[in-house]
> 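One structure, pasted below without further comment.
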There are 2 protein chains.
Amino acid sequence: MKHRHTHDGRGRPFAAHEDFSGHHGFHPHSHPHALHDRPGRHGRGGGRHGGGRLFDYGELRLLLLAMIAERPWHGYELIKAIEERFGGSYSPSPGVIYPTLAWLDDMGYAAIEPVEAGRKRYRITAEGEAFLAANRAAADELLARVGPVGREGSEAVPAPMIRAMENLKLALRLRIQRGSIDAATAEAIAAALDAAAQTVERS
Amino acid sequence: MKHRHTHDGRGRPFAAHEDFSGHHGFHPHSHPHALHDRPGRHGRGGGRHGGGRLFDYGELRLLLLAMIAERPWHGYELIKAIEERFGGSYSPSPGVIYPTLAWLDDMGYAAIEPVEAGRKRYRITAEGEAFLAANRAAADELLARVGPVGREGSEAVPAPMIRAMENLKLALRLRIQRGSIDAATAEAIAAALDAAAQTVERS
DNA sequence: TCTTGATTTACGATATATCGAGATCTATAT
DNA sequence: ATATAGATCTCGATATATCGTAAATCAAGA
């Protein structure tokens with residue numbers, strides 16, 4: 001396997017112009033004019049309707065890199081996550097997600113975890129971190145615009161709740177494994193769970 | 001001839017899913033929104049129940065592999081065992097069990113014991129053990145979700161409990177999505193969950 | 001033969017990834 | 001400054017893989 005398909009966007013895509021400070025050396029100070037000092041279209045406040053682009057030039061790959069910097073994803077997950085973030089009104093086509101991921105891989109910014117059965121899970125590399133750091137300003141601006149994409153339920157849920165949820169989950173698992181749950185016991189447990197659900201509901 | 005794909009599939013598994021704040025869990029066949037079924041051809045087949053999946057991507061073959069790692073089974077036994085584990089509310093169709101077993105065989109993860117009267121009994125191989133070890137985290141999470149399948153003393157989870165668990169899970173998910181959980185609210189919810197856990201524990 | 005265990009085949013739906021055509025933007029040469 | 005080339009975003013169509021149901025088929029036993 002490992003068939004490097006001959007894709008147009010691959011190989012060595014934008015070579016000459018963007019000084020991407022990728023390999024050999026890389027000075028953090030003399031930061032390249034990579035992605036964030038593009039005068040003119042900054043906050044994209046214009047709201048250009050109909051067919052306008054959601055992401056400007058290097059933005060999509062920056063967003064993907066920032067997302068896989070948090071945790072590994074695979075392409076379909078990224079599509080669904082971004083789609084959900086935009087409330088379903090926009091969903092990046094696979095035709096742009098997968099080539100971008102492949103590009104990140106080719107550049108050494110992301111690597112494919114060995115996976116099973118057709119799913120490629122990408123994780124960030126050291127070079128990717130460096131690139132992300134070099135473009136942190138643009139990345140932060142992007143994440144601020146898009147909002148929290150990956151950390152939906154982990155950052156927002158308070159710790160005590162997570163602890164209690166894990167606790168209950170474990171108790172249920174142990175109880176089920178113990179076996180011998182008669183009808184009355186099942187009803188009692190169900191009632192307790194329903195009571196908790198009601199408390200949650202009107203909290 | 002059925003060309004079984006040659007996949008190496010080695011290495012890290014997929015991410016572990018949360019039971020509560022996550023997506024999938026214990027639901028036998030409860031899905032949020034049913035998609036419309038086309039009233040088209042009569043013929044045969046046709047999933048009028050295509051919605052919620054119990055196992056996502058590589059989970060079924062992991063479960064089967066984990067089961068035959070304990071002792072050899074044949075397909076029908078696996079179907080019945082899983083069905084009993086879910087209290088009869090769900091039973092994996094043979095159309096998914098047998099191809100998966102054939103896949104495990106082709107991959108070298110399982111082997112067919114000498115056929116006895118029309119049935120094929122599968123046992124795990126060394127490669128299968130290696131694969132299972134590589135995906136231990138996901139496998140354990142799966143077994144925890146499904147419960148101890150095939151061991152003696154295993155009984156089905158009563159329907160009221162499953163319903164109540166689903167109910168609580170949904171309530172928590174909705175509450176988390178609503179956001180704005182201050183510390184006091186979190187404590188109240190955690191206390192309710194802990195109370196339920198205690199009830200479960202001494203039931 | 002009829003029933004029951006056990007497997008195979010057919011078909012559909014979803015998940016995941018690949019490929020191709022077209023539109024738009026940026027950079028660079030003229 | 002304009003033209004051109006190339007890179008990137010976007011949509012779709014397509015290709016597999018896997019999960020799913022239901023019927024058809026096959027192999028013993030009553």
Side-chain angles (χ1 to χ4, degrees), chain A residues 3-19 33 35 38-41 48 50-64 73-80 90-103 112 115-122, chain B residues 2-5 7 9 14 24 29 31 34-38 40-64 73-80 90-103 112 115-121:
Chain A
H3 54 354
R4 285 279 184 237
H5 50 263
T6 68
H7 195 76
D8 48 308
R10 304 281 303 275
R12 193 66 183 85
F14 37 120
H17 46 297
E18 284 176 316
D19 171 31
H33 61 288
L35 295 167
R38 193 179 51 252
R41 344 196 3 158
R48 73 226 249 74
R53 300 189 155 190
L54 269 267
F55 298 104
D56 273 344
Y57 240 59
E59 288 190 336
L60 185 60
R61 61 174 174 253
L62 240 193
L63 175 63
L64 295 188
W73 304 70
H74 55 266
Y76 193 81
E77 262 186 323
L78 289 165
I79 293 176
K80 291 304 174 191
Y90 162 78
S91 141
S93 299
V96 71
I97 292 294
Y98 293 107
T100 303
L101 287 173
W103 179 85
I112 305 179
V115 284
E116 166 223 14
R119 277 204 280 205
K120 295 179 180 177
R121 192 178 297 274
Y122 290 83
Chain B
K2 312 186 72 57
H3 66 301
R4 277 134 187 189
H5 44 256
H7 215 97
F14 1 94
H24 347 279
H29 46 56
H31 47 75
L35 52 156
H36 79 291
D37 50 342
R38 310 190 324 176
R41 315 295 342 149
H42 50 324
R44 46 209 282 253
R48 77 171 111 219
H49 182 229
R53 286 192 165 186
L54 265 142
F55 304 105
D56 47 56
Y57 236 60
E59 288 190 337
L60 183 60
R61 58 175 170 249
L62 244 191
L63 175 62
L64 295 188
W73 304 69
H74 56 267
Y76 194 82
E77 269 184 317
L78 290 165
I79 293 176
K80 291 304 174 190
Y90 164 79
S91 137
S93 300
V96 72
I97 293 293
Y98 294 106
T100 303
L101 288 174
W103 180 85
I112 306 180
V115 180
E116 37 178 300
R119 55 190 170 190
K120 301 173 181 176
R121 190 177 300 271

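Heavy-atom basis, side chains included; hydrogens, waters and symmetry copies ignored. Lettering follows sequence order; numbering is per chain, from 1.
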> When rounded to the nearest 0.5 angstrom, what is the spacing between NE2 in A/H74 and CD1 in A/I79?
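Rounded to the nearest 0.5 Å, the NE2-CD1 separation comes to 9.5 Å.
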
> Distance check needed: C/dT8 P versus B/Y76 OH, whole Å only.
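In whole Å, C/dT8 P lies 15 Å from B/Y76 OH.
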
> Find the distance A/L63:CG to D/dC9:P and express it as a whole number of Å.
11 Å

> Figure out the CD1/P separation between B/I79 and C/dT7, and round it to whole Å.
8 Å

> Tell me the closest heavy-atom pair linking A/P99 and A/P94, and the distance in Å.
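Closest approach of A/P99 to A/P94: CD-O, 3.6 Å.
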
> Starting from C1' on D/dT10, measure out to CG on A/L60 and report it in whole angstrom.
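Nearest whole value for this atom pair: 10 Å.
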
> Would you say a side-chain N or O of A/S93 is under 4.0 Å from OP1 or OP2 of D/dT10?
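No, because none of the side-chain N or O atoms of A/S93 sits under 4.0 Å from OP1 or OP2 of D/dT10.
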
> Expressed in angstrom and rounded to an integer, what is the separation of A/E77 atom CD from C/dT14 atom C1'?
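That distance rounds to 15 Å.
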
> Check the phosphate of D/dA27 against B/K120, side-chain N and O only, distance under 4.0 Å to OP1 or OP2. Yes or no?
no

> Contact class for B/G95 (heavy atom, under 4.0 Å): base, sugar-phosphate, or nothing?
base

> Once hydrogens and angles are ignored, does a donor-acceptor distance under 3.5 Å link the base of D/dT18 to the side chain of B/R53?
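Per atom types, the contact qualifies.
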
> For B/R119 and C/dT4, give me the distance from atom CZ to atom C1', rounded to whole Å.
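So the CZ-C1' distance, B/R119 to C/dT4, works out to 13 Å.
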
> Nearest 0.5 angstrom please: A/R61 CZ to A/T100 OG1, how far?
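A/R61 atom CZ to A/T100 atom OG1 measures 8.0 Å (nearest 0.5 Å).
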
> Hey, which sits more toward the 5' end of DNA chain C by its nearest nucleotide, A/Y122 or B/H74?
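Upstream on the strand: B/H74.
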
> Could you state the interatomic distance from CG (B/L78) to CD1 (B/I97), rounded to the nearest 0.5 Å?
6.0 Å

> Please tell me which of A/P94 and B/T100 maps to the more 5' nucleotide of DNA chain D, matching each residue to the nucleotide holding its nearest heavy atom.
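Looking at the nearest nucleotide for each, A/P94 comes out on the 5' side.
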
> To check you understand the geometry: which heavy-atom pair defines the closest contact between B/Y98 and B/Y76, and what is its length?
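Smallest heavy-atom distance, with atoms named: OH-N, 3.3 Å.
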
> Starting from P on D/dG12, measure out to OH on A/Y98 and report it in whole angstrom.
17 Å

> Output the rounded distance in Å from OH (B/Y57) to P (D/dC19).
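It works out to 8 Å between those atoms.
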
